[in-house]
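The structure appears right after this line, and notes come after that.
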Amino acid sequence: MSILRPLPDAPDVDEDDDVLFAWDNGATVPEFREWRRTGVLTVSLRIKWWWRRTRRVLR
């Protein structure tokens, strides 16, 4: 039993640009939209996004 949640598969290329950009950068869509709305990217979000991208590569 894995302690980590399963990774989502890549979205379809016909998805909304926000969905594709968020998935490519390791963000969830709400996180990505909040970043675009406020223009603030915290250290914790950078780390989360980096970890999600890294896990995808290590998988």
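Arg53 contributes no side-chain N or O that, together with a main-chain N or O of Gly26, makes up a donor-acceptor pair within less than 3.5 Å.
By the 4.5 Å side-chain criterion applied to Ile, Leu, Val, Met, Phe, Trp and Tyr, Leu45 is assigned to a cluster that also includes Phe21, Phe32, Trp35, Leu41, Trp49.
In plain terms, the two heavy atoms of Asp18 and Arg36 that are nearest each other are OD1-NH1, 2.9 Å.
Atom OG1 of Thr28 sits about 10.0 Å away from atom CD of Glu34, to the nearest 0.5 Å. For the atom pair CZ (Arg37) and CZ (Arg33), the distance works out to 12.5 Å, reported to the nearest 0.5 Å.
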